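Here's the structure we're looking at; comments come further down.
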Amino acid sequence: MKSFAVPALALFVAVHVGWPLAAQPRPMQLEDLFRLKRVGDPQISPDGKKVAYVVTEVLKDENRTNSDLWLTSTDRAASSAAGGAWPRRLTNSPKHDRHPRWSPDGRWLAFESTRDGNSQIWLLAVDGGEARQLTSLSTGAAQPVWSPDGKRLAFVSAVYPQFSDKPFAESDKLNKEAQDKRDHSKVKARLMDKLLYRHWDEWVDDKRQHLFVLAVNAEGTPAGDPRDVTPGENDAVPTSSTFSAGDDYAFSPDGGELAYTAPPLPVREQAWSTNHDIWTVNLATGERRNITEQNHAADGYPRYSPDGKQLAYRAQSRSGFEADKWELWLLDRASGQRRNLTANWPQSVDAFAWAPDGRTIFVEAAEQARGPLWSVAVTGGGPAEVKRLFVDGVSHDVSVAPDGRWVAFSQQHMNRPPEISRYVLGDSAPQALTFTNAELLRQIELPGPESVTVPGARSTGSGQAGGAPIQMWILKPPGFSAGRKYPLVFWVHGGPQGAWADSWSTRWNAEMWAAQGYVLALPNPRGSTGFGQKFTDEISRDWGGKAFDDLMACLAYLESQPYIDRTRMAAAGASYGGYMMNWFQGHTDKFKTIVTHCGVYDFTSMYGTTEETWFAEWDVGIPWDTPDFEKYSPHRYARNFKTPNLIIHNELDFRVPLNQGLSLFTTLQRKGIPSKLLYFPDEGHWVLKPQNSELWHQTVFEWLASYLKQ
């Protein structure tokens, strides 16, 4: 067994902020989860002296959140919480202000805001003054991106495609009339003629997300009407977050072309195809080209090199598999030749950004339950040299300084919510730029997790002795005493191609659960990401196989620890984790109780009601083509169910639809097994509204306490 511990947060705050430790830090309380502000989306100014970012606050009494733009200096001393003019709040509207993007000359921040009703693009002069509204589309506007000369903005709007080839004033009027008619009609019926008619937690209603370009003059006002540059029946950005890495479109350096990521064609196949492609549109002629049609798997996230000669993008190789490895590719725009930069690198590429000199690309990629930043050398031929810059929690939203010598990003740990950090190339570790939650965090005891490695099931076709190594986090409660025995809560993550990382969550918050007095285990079994593609692949068509064996091996390890009370163990999970709770019901009696959130129960009914059928077809199969389709379906083992079970399921969950939770509850009730169903009519796959989240936590913790507390 290999293990190591992450230092407690209180020490980090004392060292990096310069404040004394609280005399007696207390365990985390539920109200703390709502009091902690959420920080992200850092954007370095063109002169490299400032970073704009977003801070989101929870307004629990109003059952919503509110986001505002902030600005800090890149001088760490000026940014410290001990004083000075930084950080500075830029917006203070009662609605969401987010997605800040600097104009190339540094005069303006474009951002999206709901302060006037639906989302629109606004401009803010950084040197002072009130924000001004730039767009007023009836269909809304979001995700502004500047052209390199600062004369145009691209953005996204969801429109009715049948009007998209008309002049803007006419199409906008027709879009408004169509939406008003639907909103005000007494008849709420829908007539569908193709799949993907609803997605995640919303009805699509035949709208398509198109890219618009708007000319902006030097005074920061529109120079004409917005222009739909992607008219037609298809979307111009991924409709599934699985295939998105951020702003999925970019201007060429000369401003004459826009590259973007489009979902598969024909549209009627989008529910079962993953073949996203990169298209370009000539902004002068309107001509569009598919530049990745040779690859029948997903391509996306195009980024032009600073000199415009190359286009970097990420691509998968297996059609139909959303969790395939993402490779970083380079396209020579003149010759058409392509080069796979990461062919010999085991990690999967997330978002990335070019260095200003065009010789390096900075990449976000998960590794062993952490999220380091990496540099990829572009020079030379063949696969590139990839270097890990540092390992410290999980890093996202990388923004590159204009001199290329440092990057800003959001950084988080399991026991530290996200803040903005800066990393200077060649340094040993990053430095914090913001300390938004330091005052509150120094009052709370947030233990650091321990990482252990446990032998799991043997890999398919493996000649290795023993099982595959399974990484698992163990988080002990505040005030842990080695001489005591503690109840255990055993988590299983969703995906299943996901991972429990050294990161903070506002939904399933590990510190919040440990503060209830439990030892919390977070294993990463077969199917988890960040441990090599083969490890990820081994969950497909084997949901209740090796992954279950891995989890039981992790549980056996925990049972052998002197501080675990084997008579007081519970399990909890959501999505695939919820599926595994249902599988546990039929295959183990180790747990005193189980918590199932939005879990798959019946493979056949799940296939017929979920929206992204490509996922079900790759991971489980097609009911009429796969002989053993229901082999790992939990409902087949209901005869063995006996464990008390709390179920949470939500009306607007179109990924794992409500019938899954209702069917499980019916089975448990009919068998006389103690069970409760918590149902939210206004939530999707996750419970996001603050007051709903409060009830979710209270219900879960009360249920667990009734079985685990002595």
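The structure presented is a predicted model; accordingly, all values stated were derived computationally and were not measured.
A distance-only check finds a donor-acceptor pair linking the side chain of T74 to the backbone of G48 [under 3.5 Å]. Between the side chain of T292 and the backbone N or O of I278, at least one donor-acceptor pair lies under 3.5 Å. Checked by atom type and distance alone, the side chain of E364 pairs as donor or acceptor with a backbone atom of V398 at under 3.5 Å. Between the R89 side chain and the T91 main chain, a donor and an acceptor come within less than 3.5 Å of each other. Remark: the backbone N or O of W108 is paired with a side-chain donor or acceptor of S103 at under 3.5 angstrom. When atom types are taken as modelled, the side chain of D324 and the backbone of R318 share a donor-acceptor pair closer than 3.5 angstrom. Formation of a donor-acceptor pair under 3.5 Å by the N650 side chain with backbone atoms of G684 is found in this model.
A cation-pi arrangement is absent between R152 and W146 under the rule of less than 6.0 angstrom and at most 45 degrees off the ring axis. In this structure, R338 is not positioned above the aromatic face of W329 in the sense of NZ or CZ being under 6.0 Å from the six-membered ring centre and within 45° of the axis.
Taking both residues in full, the closest heavy atoms of V378 and R339 are given as O-NH1, 2.6 Å, listed atom of the first, atom of the second, then distance. Here the closest non-hydrogen pair linking S67 and H96 is OG-ND1, 3.1 Å.
Between the side chains of T239 and D235, not a single donor N or O lies within less than 3.5 Å of an accepting N or O. Between the side chains of S505 and R507, no donor-acceptor pair is found at a separation under 3.5 Å. One side chain, Q270 or N234, offers a donor N or O that lies under 3.5 Å from an acceptor on the other. Between the side chains of S319 and N275, no donor N or O sits under 3.5 Å from an acceptor N or O. No hydrogens or angles considered: nothing links the side chains of T274 and E322 as a donor-acceptor pair under 3.5 Å. With hydrogens and angles left out, the side-chain atoms of T342 and Q347 include no donor and acceptor closer than 3.5 Å.
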E419 vs K37, salt bridge (Lys or Arg N to Asp or Glu O under 4.0 Å): CA-CA, chis, key distance, verdict: CA-CA 10 Å; E419 292 283 0; K37 298 175 182 178; over 6 Å; no

The test is side chain to side chain contact (heavy atoms under 4.5 Å, CB included); show your working for Q691 and E62 and say whether it passes. CA-CA 9 Å; Q691 292 180 21; E62 301 177 36; over 6 Å; no

Check step by step if side chain to side chain contact (heavy atoms under 4.5 Å, CB included) holds for L71 and V51. CA-CA 6 Å; L71 192 68; V51 177; over 6 Å; no

Run the salt bridge (Lys or Arg N to Asp or Glu O under 4.0 Å) check on E112 and R98 step by step: do they pass? CA-CA 6 Å; E112 61 183 63; R98 54 194 173 196; 3.4 Å; yes

Where do W406 and D403 land on the side chain to side chain contact (heavy atoms under 4.5 Å, CB included) test, with the steps shown first? CA-CA 8 Å; W406 61 279; D403 62 5; 3.7 Å; yes

Between D68 and W70, does the side chain to side chain contact (heavy atoms under 4.5 Å, CB included) criterion hold? Intermediate values first, please. CA-CA 7 Å; D68 285 300; W70 285 69; 4.3 Å; yes

Under the side chain to side chain donor-acceptor pair (under 3.5 Å) criterion, do N175 and T139 qualify, and how do the steps go? CA-CA 7 Å; N175 273 297; T139 49; 5.3 Å; no

Can you check side chain to side chain donor-acceptor pair (under 3.5 Å) on S252 and D254, steps first, answer last? CA-CA 5 Å; S252 60; D254 63 7; 2.6 Å; yes

When you look at D397 and S410, which way does the side chain to side chain donor-acceptor pair (under 3.5 Å) test go after all the steps? CA-CA 6 Å; D397 305 325; S410 62; 3.1 Å; yes

Working for side chain to side chain donor-acceptor pair (under 3.5 Å), residues S395 and Q411: CA-CA 5 Å; S395 303; Q411 185 181 26; 4.7 Å; no

Please walk me through it: do F243 and H276 pass ring-ring contact (aromatic ring centres under 6.0 Å, His included)? CA-CA 8 Å; F243 303 100; H276 291 65; 4.2 Å; yes

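At a threshold of 4.5 Å between non-hydrogen side-chain atoms, the residues Q162 and D206 do not count as touching. Side-chain contact between K689 and E683 is present, with at least one heavy-atom pair separated by less than 4.5 Å. Side chains of Y160 and K207 form a contact here, defined as non-hydrogen atoms less than 4.5 Å apart. Between T360 and W354 the shortest side-chain heavy-atom distance does not fall below 4.5 Å. In this structure, the side chains of L258 and N282 stay at 4.5 Å or more apart for every pair of heavy atoms. By the 4.5 Å heavy-atom criterion applied to side chains, V267 and R208 are counted as neighbours. The shortest side-chain heavy-atom distance between V407 and S399 does not fall under the 4.5 Å cut-off. Considering only heavy atoms from C-beta on, V204 stays 4.5 Å or farther from L196 through its side chain.
Other residues, nucleotides and ligands contribute over 12 non-hydrogen atoms within 6.0 Å of the CZ atom of R182. Within 6.0 Å of CD on Q337 lie no more than 12 heavy atoms contributed by other residues, nucleotides or ligands. Taking a 6.0 Å sphere around NZ of K188, one finds it holds more than 12 heavy atoms contributed by other residues, nucleotides or ligands. Surrounding NZ of K194 are more than 12 heavy atoms belonging to other residues, nucleotides or ligands, all under 6.0 Å away. Summarising the local packing, NZ of K151 is surrounded by 12 or fewer heavy atoms from other residues, nucleotides or ligands at distances under 6.0 Å. Surrounding CZ of R190 are more than 12 heavy atoms belonging to other residues, nucleotides or ligands, all under 6.0 Å away.
In summary, R314 and E327 do not engage in a salt bridge, as defined by a charged side-chain N under 4.0 Å from a carboxylate O. Ion pairing of R101 with D41 is present here, as a side-chain N (NZ or NE/NH1/NH2) and a carboxylate O approach within less than 4.0 Å. Using a 4.0 Å cut-off between a side-chain N of Lys or Arg and a carboxylate O of Asp or Glu, E612 and R655 qualify as a salt bridge. The existence of a salt bridge linking R107 and E219 is excluded, since no basic side-chain nitrogen approaches an acidic carboxylate oxygen closer than 4.0 Å. Ionic pairing of D47 and K50 is present here: one or more N-O contacts between side-chain nitrogen and carboxylate oxygen are shorter than 4.0 angstrom. A salt bridge is defined here as a Lys NZ or Arg NE, NH1 or NH2 lying under 4.0 Å from an Asp or Glu carboxylate O, and K309 with D332 fails to meet this definition. A salt bridge is absent between E130 and R132; no separation between the charged side-chain nitrogens and carboxylate oxygens falls under 4.0 Å. Salt-bridge annotation for K173 and E177: present, with a side-chain N of the basic residue lying under 4.0 Å from a carboxylate O of the acidic one.
Atom-to-atom distance recorded for T506:OG1 and L688:CG is 7.5 Å, nearest 0.5 angstrom. The distance from atom CH2 of W279 to atom OG1 of T261, rounded to the nearest 0.5 Å, is 12.5 Å.
Remark: aromatic rings of F409 and Y423 are distant, center separation not under 6.0 Å. Here W203 and F654 bring their ring centres to under 6.0 angstrom of each other.
H685 and W200 have perpendicular rings, their planes meeting at more than 60° on a 0 to 90° scale where under 30° would count as parallel. Under the 30°/60° scheme for interplanar angles, the aromatic rings of F212 and F155 are found to lie parallel.
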